[in-house]
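Sequence lines set the chain letters: A, B, ... in the order given, protein chains first and strands last, and positions in each chain run from 1. If you're wondering where the values come from, they're calculated on a predicted model, not measured in any experiment.
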Amino acid sequence: MTKITLTNSKTRQKEPFEPIDPNNVRMYVCGPTVYDRAHLGNARPVIVFDVLYRLLRHLYGGEHVTYVRNFTDVDDKINAEAQRRKDAGDARPLEELIRERTDETIAWYHADMAALGNLVPDHEPRATEYIGQMIAMISDLIGKGHAYAKKGHVLFRVRSYEAYGALSGRSVDDMIAGARVEVAPFKEDPMDFVLWKPSDADLPGWDSPWGRGRPGWHIECSAMAHELLGASFDIHGGGIDLQFPHHENEIAQSACAHPEGEFARVWMHNEMLQVEGRKMSKSLGNFFTVRDLLDQGFPGEVIRFVMLSTHYSKPMDWTEAKAKAARKTLAHWQELTDKAERSRRPHLDVVDALSDDLNTSLAITRLHAHARAVETASGNERKELAARFLGTLELLGIGEDWRDGVRIAIEAAFETTALLDRLTQRLEDARAAKDWVRADAIKASLVDAGVQVMIGQDGVKRVLTPDFDPAKLEALK
RNA sequence: GGCGGGUUGGCGGAGAGGUUACGCAGCGGAUUGCAAAUCCGUGUAGACCGGUUCGAUUCCGGUACCCGCCUCCA
């Protein structure tokens with residue numbers, strides 16, 4: 001079987017991947033805080049780890065892989081949004097407003113991530129549904145001397161965990177010297193972090209041994225990962241920005257609470273996304289959500305393709321030029337696989353590329369070669385190659401809705417098929433009559449409306465391009 | 001200050017210590033009524049300075065510049 005290698009942040013090395021249990025390969029990826037629409041940067045880890053999920057499913061079997069991605073629905077940004085609505089005159093209790101906000105954000109997230117061609121993980125736990133497990137874990141940590149309660153807070157005692165900082169390559173002393181730590185009077189050590197914090201009356205809270213309060217950010221992942229995947233599991237993923245402090249703290253909590261396990265064996269971090277060479281930020285005016293792009297007419301698949309064209313370990317630069325090129329490539333590939341059946345035998349060299357630390361860029365390179373092979377083949381061989389090509393694309397989550405020909409769907413949607421047929425017939429007639437002036441005029445107007453016209457041995461073939469404008473076509477009646 | 005990523009031909013972007021990456025664009029050709037699409041061919045790349053080596057863009061050291069994280073952030 002194909003062997004996977006993955007770069008493990010924990011060891012900073014590319015290592016052969018050996019699942020703890022090949023019959024149940026387990027991965028956990030940090031999901032979104034559900035206070036607003038997912039931005040483009042949020043989409044990168046989702047797409048990257050979706051490809052990993054697909055690869056694992058392909059190699060180990062769909063029923064032998066468990067993928068967990070959480071929703072963080074306890075957070076001060078969520079509280080602030082709910083409070084804003086309350087201040088705006090909504091009379092309902094805050095709890096209800098929060099639930100409404102998180103519910104609607106999760107629905108958006110599902111829609112947007114589906115539009116990008118991502119599979120839904122096997123479990124999508126919400127933090128609020130695991131408060132009991134978090135409280136139990138915190139109590140356990142206190143019992144073991146790794147945490148302490150003070151003034152309604154519970155803090156993790158960083159000095160009690162020797163390996164703290166190993167994942168991110170930092171030492172506690174260096175970080176304190178670096179001085180960017182919050183000093184709070186109730187902390188034994190400035191690096192200690194919050195496991196539990198008190199909530200006043202107008203904040204969401206749960207009863208606990210330390211009074212009414214809410215969990216700190218990091219504990220949820222430790223609690224949910226343990227509940228759903230056990231004390232040891234295979235892969236933990238997320239953005240590189242989470243490496244510290246979030247993942248470092250997760251490790252500390254989980255390792256101390258469950259010393260019998262090893263928590264995550266392999267840690268994977270994707271690099272950040274940039275936009276036209278700059279950090280995406282509201283202040284630079286280049287901030288946009290996935291939904292913004294979709295609404296601007298970028299197909300989800302194009303966004304996905306651009307994301308996969310850069311290796312996950314490198315900064316990814318989103319540019320319109322890349323999107324344009326991706327659109328062109330995908331249009332061609334779609335044309336190649338039009339009406340093809342999907343084979344279940346993907347090309348091995350692409351599987352190999354993905355198995356080599358998820359080298360999606362190399363996988364795409366190899367797909368180009370396969371595309372050419374389809375193009376140059378004919379008859380049954382072409383049919384077979386097209387089927388395998390389509391089956392290979394599935395590993396990248398591309399082409400899943402091409403099966404019946406999106407082209408046909410679009411034409412039907414615009415109710416232009418009949419009109420197109422008529423115009424095509426007119427072109428055929430003009431050609432048959434060798435009336436080149438008329439033929440050229442018809443062709444030019446079709447091209448102007450965004451219809452690609454291809455004249456070959458067996459007549460006129462037309463393909464709708466992304467620039468297709470039904471209004472212009474109507475004008476040709 | 002600490003930690004990390006990057007620097008490859010016009011643009012994007014990989015692998016490999018020595019033999020063509022690949023894609024887009026460009027150029028030449030085939031094909032075509034003309035086109036489009038496609039196919040074939042075509043690129044004096046590897047920030048800079050040292051080192052290791054028979055040989056480095058690839059390994060090692062240093063320099064410069066760009067980006068990010070260390071505070072909520074994927």
Side-chain angles (χ1 to χ4, degrees), chain A residues 9 12 29-33 35-36 38-49 69 72 75-78 80 165 167-182 191 217 237-248 269-274 277-282 305-306 308-317 319 321-329 331-332 335-336 353 356-357 359-369 371-372 374-376 430-431 434-437 439-440 443-444 446-447 451-457 460-463 465:
Chain A
S9 305
R12 284 148 216 273
V29 173
C30 288
T33 301
Y35 68 101
D36 205 351
H39 64 245
L40 192 59
N42 296 122
R44 170 118 108 142
V46 178
I47 292 170
V48 164
F49 293 108
R69 187 182 60 212
T72 299
D75 182 89
D76 287 346
K77 283 194 289 275
I78 300 169
L167 177 72
S168 52
R170 297 150 201 255
S171 81
V172 175
D173 294 322
D174 284 352
M175 284 185 280
I176 291 170
R180 284 230 200 153
V181 286
E182 181 195 354
M191 287 309 296
W217 173 35
I240 186 72
D241 55 330
L242 292 181
Q243 191 180 40
F244 186 88
H246 184 56
H247 291 162
E248 198 71 71
H269 292 101
N270 61 277
E271 254 293 341
M272 299 285 101
L273 174 114
Q274 298 177 3
R278 310 294 305 270
K279 176 184 174 155
M280 182 170 81
S281 73
K282 284 175 181 164
F305 188 92
V306 171
L308 294 178
S309 65
T310 298
H311 187 84
Y312 77 86
S313 66
K314 289 194 174 182
M316 146 88 220
D317 194 14
T319 64
K322 283 185 185 179
K324 204 175 157 191
R327 187 184 281 248
K328 193 174 165 178
T329 299
H332 180 206
E335 181 64 20
L336 279 180
D356 182 8
D357 199 22
N359 195 336
T360 51
S361 176
L362 184 62
I364 288 172
T365 289
R366 291 178 174 170
L367 281 166
H368 281 296
R372 185 171 305 110
V374 175
E375 191 77 60
T376 51
R431 293 189 71 243
K434 295 199 190 294
D435 184 349
W436 307 127
V437 175
D440 284 348
K443 192 170 68 186
L446 281 170
V447 168
V451 182
Q452 185 187 47
V453 179
M454 300 192 283
I455 299 166
Q457 297 285 319
V460 176
K461 195 177 171 193
R462 80 279 168 141
V463 176
T465 71

Mind checking whether Trp217(A) and His246(A) have parallel, tilted or perpendicular rings, split at 30° and 60°? parallel
How would you label the contact of Thr319(A) with the nucleic acid (heavy atoms, under 4.0 Å): base, sugar-phosphate, or nothing? nothing
Find out whether Arg462(A) and Leu446(A) are in side-chain contact, i.e. whether some heavy atom of one side chain is under 4.5 Å from a heavy atom of the other. no
Quickly work out the Ile240(A) CD1 to G5(B) C1' distance and round it to whole Å. 8 Å
For nucleotides A21(B) and C27(B), find the distance between their P atoms and express it as a whole number of Å. 22 Å
Any side-chain heavy-atom pair of His247(A) and Cys30(A) under 4.5 Å: yes
Shortest side-chain distance from Arg12(A), nucleotide among G13(B), G4(B), U7(B): G4(B)
Donor-acceptor contact below 3.5 Å, side chain Arg327(A) vs main chain Lys322(A): no
Within the structure shown, what part of the strands sits under 4.0 Å from Gly41(A) by heavy-atom distance: base, sugar-phosphate, or nothing? base
Between atom CG in Leu273(A) and atom P in G68(B), what is the gap in whole Å? 12 Å
Provide, to the nearest angstrom, the distance between the CG atom belonging to Leu308(A) and the P atom belonging to G13(B). 14 Å
ring-ring contact (aromatic ring centres under 6.0 Å, His included) partners for Phe49(A), two or more places apart: none
What is the distance, rounded to the nearest whole Å, between atom CD of Gln243(A) and atom P of C3(B)? 13 Å
Please give, in whole Å, the distance from A36(B) P to Glu335(A) CD? 17 Å
Taking the C1' atom in each of U20(B) and G15(B), what is the distance between them to the nearest angstrom? 13 Å
Considering every strand and a 4.0 Å limit on heavy-atom distances, what is the contact class for Ile364(A): base, sugar-phosphate, or nothing? nothing
Just compare A14(B), C40(B), C72(B) and give me whichever is closest to any side-chain atom of Arg372(A). C40(B)
Have a look at Leu242(A) and say if it touches a base, only the backbone sugar-phosphate, or nothing, with a 4.0 Å heavy-atom cut-off. sugar-phosphate
Per atom distances to the Asn42(A) side chain, the nearest of C70(B), G23(B), C73(B) is C73(B)
Counting distance alone, no hydrogens or angles: does the base of A74(B) have a donor or acceptor under 3.5 Å from a partner atom on the side chain of His269(A)? no
What integer number of Å spans the P atoms of G28(B) and A36(B)? 13 Å
Under the criterion side-chain contact (heavy atoms from CB on, under 4.5 Å), which of Thr360(A), Val48(A), Asn359(A) is the partner of Tyr312(A)? Val48(A)
Report the nucleotide, chosen from A74(B), C40(B), A14(B), that has the shortest atom-to-atom distance to any side-chain atom of Met272(A). A74(B)
U58(B) to A14(B) separation - C1' atoms, rounded to the nearest Å: 12 Å
Given atom NZ of Lys322(A) and atom C1' of C24(B), what is their separation to the nearest angstrom? 12 Å
Within the structure, does a side-chain N or O atom of Lys328(A) lie under 4.0 Å from either OP1 or OP2 of G23(B)? no
Enumerate all atom pairs, one protein N or O and one N or O from nucleotides 31-33 of chain B, separated by less than 3.5 Å.
| residue | atom | partner | partner atom | Å |
| --- | --- | --- | --- | --- |
| G33(B) | N1 | Asp440(A) | OD1 | 2.9 |
| G33(B) | N2 | Asp440(A) | OD1 | 3.3 |
| G33(B) | N2 | Asp440(A) | OD2 | 2.8 |

Output the pairing pattern of RNA chain B as a dot-bracket string, 5' first, Watson-Crick or G-U wobble with both distances under 3.5 Å, | for cross-strand pairs, [ ] for crossing pairs. (((((((..(((.....[...))).(((((.......)))))....(((((..]....))))))))))))....
Indicate, with a heavy-atom threshold strictly under 4.0 Å, whether His246(A) touches base, sugar-phosphate, or nothing. nothing
What verdict does the side chain to side chain contact (heavy atoms under 4.5 Å, CB included) test give for His311(A) and Leu362(A), after you've listed the backbone C-alpha separation in whole Å, the side-chain angles of each residue and the deciding distance to 0.1 Å? CA-CA 9 Å; His311(A) 187 84; Leu362(A) 184 62; over 6 Å; no
List the residues meeting side chain to side chain contact (heavy atoms under 4.5 Å, CB included) with Glu271(A), not counting sequence neighbours, and say none if there are none. Arg44(A), Ile240(A), Pro315(A)
Side-chain donor or acceptor of Thr329(A) paired with backbone N/O of Ala325(A) under 3.5 Å: yes
What distance, rounded to whole Å, do you find between the two P atoms, one in C39(B) and one in U57(B)? 33 Å
Checking the side chain of Asn42(A) only, and the main-chain atoms of His39(A) only, is there a donor and an acceptor separated by less than 3.5 Å? yes
Could you tell me which non-hydrogen atom of His269(A) sits nearest to which non-hydrogen atom of Gly239(A), and how far apart they are? CD2-O, 3.4 Å
What are the two closest heavy atoms between Ile47(A) and Leu308(A), and how far apart are they? CG2-CD2, 3.6 Å
Once side chain to side chain contact (heavy atoms under 4.5 Å, CB included) is applied, do any residues pair with Val46(A), and if so which ones, sequence neighbours excluded? Arg69(A), Tyr109(A), Met113(A), Asn118(A)
May I ask you to say what Asp356(A) touches in the nucleic acid, namely base, sugar-phosphate or nothing, with a heavy-atom cut-off under 4.0 Å? nothing
Side-chain donor/acceptor of Glu248(A) to backbone N/O of Ser168(A), under 3.5 Å: yes
Pairwise 5' ranking along RNA chain B for Ala321(A) and Asn359(A), keeping only the more 5' one: Ala321(A)
In whole angstrom, give the distance that lies between atom CD1 of Ile47(A) and atom C1' of A74(B). 12 Å
Nearest-angstrom distance from the residue atom NZ of Lys314(A) to P of G13(B): 8 Å
Pairwise C1' distance for G61(B) and U52(B), with rounding to whole Å: 11 Å
Taking any heavy-atom pair under 4.0 Å as a contact, classify Arg69(A): base, sugar-phosphate, or nothing. nothing
I'd like to know if Thr365(A) reaches the base of A14(B) with its side chain, counting only an N/O donor and acceptor under 3.5 Å. no
Integer angstrom distance from the P of G26(B) to that of A37(B): 10 Å
Nearest-nucleotide 5' precedence on RNA chain B, Glu375(A) against Glu271(A): Glu271(A)
I'd like the C1' distance from G51(B) over to G17(B), given in whole Å. 15 Å
For residues Pro45(A) and Asn270(A), report the shortest heavy-atom separation together with the two atoms involved. CB-OD1, 3.3 Å
Between protein and nucleic acid, restricted to nucleotides 64-67 of chain B and to nitrogen or oxygen atoms under 3.5 Å apart, what atom pairs and distances do you find?
| residue | atom | partner | partner atom | Å |
| --- | --- | --- | --- | --- |
| C67(B) | O2' | Gln274(A) | NE2 | 2.4 |

